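Written out below as structure tokens is the structure these notes cover.
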Amino acid sequence: MGKVIIAGGGGSGVSSDECTATKAEVLKGYSAITADSDDGVVEGTLELTGDVSDSQVLEGKTYYNTNPKIKKKGSMVNHGAVSISLNADASYTVPAGFHNGGGKVAANSLVSQTSATATSAKILSGQTAWANGSKVTGTIPIQGADVSGTDRAWATGMSNWAGTINLGIRNGHYLNGVNWIQANIPEYQPWNIKKGVNIGGIVGTFEGYVPTANDLYVRGNNIAGFTSTDRTNFSFETGQINYSGVGIGSWGSHASMSVDNINLTGKSYLNIQFALTKTDNSGENFNLAIVKPGATLYNSQLGLVSHPANTYVVDKVMSIPLSQIQMVVKIGIYFYTKPGTSFDGAIQRIWLS
């Protein structure tokens with residue numbers, strides 16, 4: 001520390017050589033003999049000109065500002081090393097205070113921010129997404145309308161199950177701008193549907209079947225004149241002969257219809273087209289028989305073909321060869337049933353060929 005001699009009244013004979021402080025080391029406003037005052041008394045030039053405030057000095061530290069007689073205390077918060085991890089679109093407001101340079105603001109990994117289950121097969125072709133830290137490009141093919149000028153796409157196939165129509169579509173495709181699946185059915189026309197019947201919005205105009213020369217019965221046209229004494233079991237309707245009923249008594253023949261005096265000369269087959277839609281027992285038969293004129297259907301049969309009544313069918317055709325029966329005969333249809341057996345079905349056509 002420099003030595004300063006403060007001049008007193010009347011002098012003391014002290015010289016600058018005995019001093020080590022210079023006037024630049026003596027506070028301004030104070031006089032002294034200094035090492036550079038040539039033994040004279042000079043005013044110091046040291047001046048406190050600080051401009052900091054308490055908030056700019058660390059908390060717990062002291063300082064002098066412009067007044068050497070007043071010691072001040074800092075209030076700046078010491079944050080040390082701050083470490084923050086942020087997700088995308090997040091922010092961190094840096095607080096006022098001291099930071100020691102050891103802190104770090106880092107971004108969290110994309111894997112941690114993009115947890116997802118989507119794969120390329122779950123995203124539309126040409127579209128991208130981030131999943132589990134990776135950018136994924138979609139591969140789902142886009143199916144647009146391919147029937148020109150419409151919002152329809154062609155069906156890949158078609159099937160029908162007992163009153164339902166099923167149209168195939170392209171599996172795994174995204175339908176864009178497609179509101180309908182189209183399949184062409186050229187025969188799906190009003191004139192091919194029975195008059196008054198609505199099938200899928202198409203109301204039929206067809207009024208009946210035109211018999212051929214070989215038809216004995218066809219869709220409501222009873223050309224040969226079949227009759228039945230079992231009116232409760234056989235019902236001659238507009239488009240078919242319905243049969244239903246319950247066998248009674250012991251084993252035997254029930255529910256029959258027939259026509260007499262049919263000439264089979266020159267014919268090869270007697271045919272029947274029918275449906276069997278219900279039965280609740282086994283061992284019964286649905287029979288088409290040929291007998292001599294005036295005979296019962298169950299005796300002295302010239303020809304017979306049977307279908308087991310416990311097997312359901314739709315539009316089945318049965319035939320009897322006629323090569324050995326070239327004569328005038330009686331033709332009939334009957335059930336041979338167990339007692340209590342119920343049955344339902346329909347006859348659409350009986351003809352010679």
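Keep in mind that this is a model prediction, so the values were computed, not measured.
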Check step by step if side chain to side chain contact (heavy atoms under 4.5 Å, CB included) holds for Thr45 and Lys28.
-> CA-CA 5 Å; Thr45 61; Lys28 185 176 181 180; 5.8 Å; no
Just do the side chain to side chain contact (heavy atoms under 4.5 Å, CB included) check on Ile350 and Ile333 with the steps written out, would you?
-> CA-CA 10 Å; Ile350 305 170; Ile333 295 94; 3.7 Å; yes
Leu86/Val105 under side chain to side chain contact (heavy atoms under 4.5 Å, CB included): CA gap, chis, key distance, verdict = CA-CA 7 Å; Leu86 302 177; Val105 177; 3.8 Å; yes
Between Val26 and Leu46, does a side chain to side chain contact (heavy atoms under 4.5 Å, CB included) hold up when you go through it step by step?
-> CA-CA 5 Å; Val26 177; Leu46 176 62; 5.7 Å; no
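Asp38 and Ser16 share no side-chain donor-acceptor pair at under 3.5 Å. Side chain to side chain, Thr265 and Asn263 meet the donor-acceptor criterion of an N or O pair below 3.5 Å.
For the atom pair CD1 (Ile181) and CG (Leu175), the distance works out to 5.5 Å, reported to the nearest 0.5 Å. One finds the OG atom of Ser85 at 5.0 Å from the CG atom of Asn108 (value rounded to the nearest 0.5 Å). Atom CG of residue Asn242 and atom CZ of residue Phe236 lie 10.5 Å apart, to the nearest 0.5 angstrom. Interatomic distance, CD1 of Ile84 versus OG of Ser91, reported as 11.0 Å (0.5 Å rounding). One finds the CD atom of Glu43 at 10.5 Å from the CG atom of Leu27 (value rounded to the nearest 0.5 Å). If you take CD1 on Ile169 and CD on Gln143, they are separated by 9.5 Å, rounding to the nearest 0.5 Å.
The neighbour count for Lys316 NZ, taken as heavy atoms of other residues, nucleotides or ligands under 6.0 Å away, is above 12. Other residues, nucleotides and ligands contribute at most 12 non-hydrogen atoms within 6.0 Å of the CD1 atom of Ile165. Residue-environment remark: CZ (Phe98) exceeds the threshold of 12 foreign heavy atoms within 6.0 Å. Counting heavy-atom neighbours within 6.0 Å of Tyr30 OH, excluding the residue itself, gives a total of 12 or less. Heavy-atom neighbours of Gln324 CD from other residues, nucleotides or ligands within 6.0 Å: at or below the threshold of 12.
Side-chain atoms of Ser37 do not come within 3.5 Å of backbone N or O of Ile33 as any donor-acceptor pair. A donor-acceptor pair under 3.5 Å is absent between the side-chain atoms of Lys330 and the main chain of Ser258, judged by distance alone. Without hydrogens or angle criteria, Gln326 side chain to Lys267 main chain gives a donor-acceptor distance under 3.5 Å. For Asn192 (side chain) and Glu187 (main-chain N/O), a donor-acceptor pair under 3.5 Å exists by modelled atom type. The backbone N or O of Lys71 sits nowhere less than 3.5 Å from a side-chain atom of Thr62 that would complete a donor-acceptor pair. The closest donor-acceptor contact from the side chain of Ser31 to the backbone of Val41 lies at 3.5 Å or more, if one exists at all. Formation of a donor-acceptor pair under 3.5 Å by the Tyr188 side chain with backbone atoms of Gly200 is found in this model. A distance-only check finds a donor-acceptor pair linking the side chain of Gln113 to the backbone of Ala88 [under 3.5 Å]. Distance alone, capped at 3.5 Å, is enough to place a donor-acceptor pair between the Tyr217 side chain and the Gly220 backbone. In terms of modelled atom types and a separation under 3.5 Å, the side chain of His173 and the main chain of Gly144 share no donor-acceptor contact.
Val328 and Leu304 end up in different hydrophobic clusters when Ile, Leu, Val, Met, Phe, Trp and Tyr side chains are linked at under 4.5 Å. Ile272 and Ile320 fall within the same hydrophobic cluster, where Ile, Leu, Val, Met, Phe, Trp and Tyr residues are linked whenever their side-chain heavy atoms come under 4.5 Å apart, directly or through other members. Hydrophobic clustering, with ILVMFWY side chains joined whenever heavy atoms are under 4.5 angstrom apart, groups Leu302 together with Ile262. Follow the hydrophobic side-chain contacts under 4.5 Å out from Ile70 and you never reach Leu48; the two are in separate clusters. Criterion: ILVMFWY side-chain heavy atoms under 4.5 Å apart, direct or through other members. Under it, Leu288 and Met327 are part of a common hydrophobic cluster.
Taking the side chain as every heavy atom from C-beta outward, Val291 and Thr296 never approach each other to under 4.5 Å. When side chains are defined from C-beta on, Trp351 does not count as touching Val218, because their heavy atoms never get closer than 4.5 Å. Looking at Pro321 and Tyr269, their side chains come closer than 4.5 Å, going by heavy atoms from C-beta outward. Under the 4.5 Å side-chain criterion, counting only non-hydrogen atoms from C-beta, Val52 is not in contact with Lys72. Under the 4.5 Å side-chain criterion, counting only non-hydrogen atoms from C-beta, Asp89 is not in contact with Asn87. In this structure, the side chains of Thr119 and Val136 stay at 4.5 Å or more apart for every pair of heavy atoms. Residues Val57 and Met76 are not in side-chain contact: their nearest non-hydrogen atoms beyond the backbone lie 4.5 Å or more apart. Taking the side chain as every heavy atom from C-beta outward, Leu270 and Leu216 approach each other to under 4.5 Å.
What you find for Arg170 and Ala153 is that their closest heavy atoms are NH1-CB, 4.5 Å. Counting all heavy atoms, side chain and backbone alike, Gly102 lies closest to Ala81 at C-CB, 3.5 Å. Closest non-hydrogen pair, Ala131 versus Ala118, comes out as CB-O, 3.8 Å. The minimum heavy-atom distance linking Thr150 with Val147 is given by the pair OG1-O, 2.7 Å. When all heavy atoms are compared, the tightest approach of Ile347 to Met257 is CD1-SD, 4.2 Å. The shortest non-hydrogen separation linking Ala129 to Ile123 is CB-CD1, 3.9 Å.
In summary, Asp36 and Lys23 do not engage in a salt bridge, as defined by a charged side-chain N under 4.0 Å from a carboxylate O.
Remark: of the listed residues Asn221, Asp215, Asn271, Asp215 is the sole one forming a side chain to side chain donor-acceptor pair (under 3.5 Å) with Arg349.
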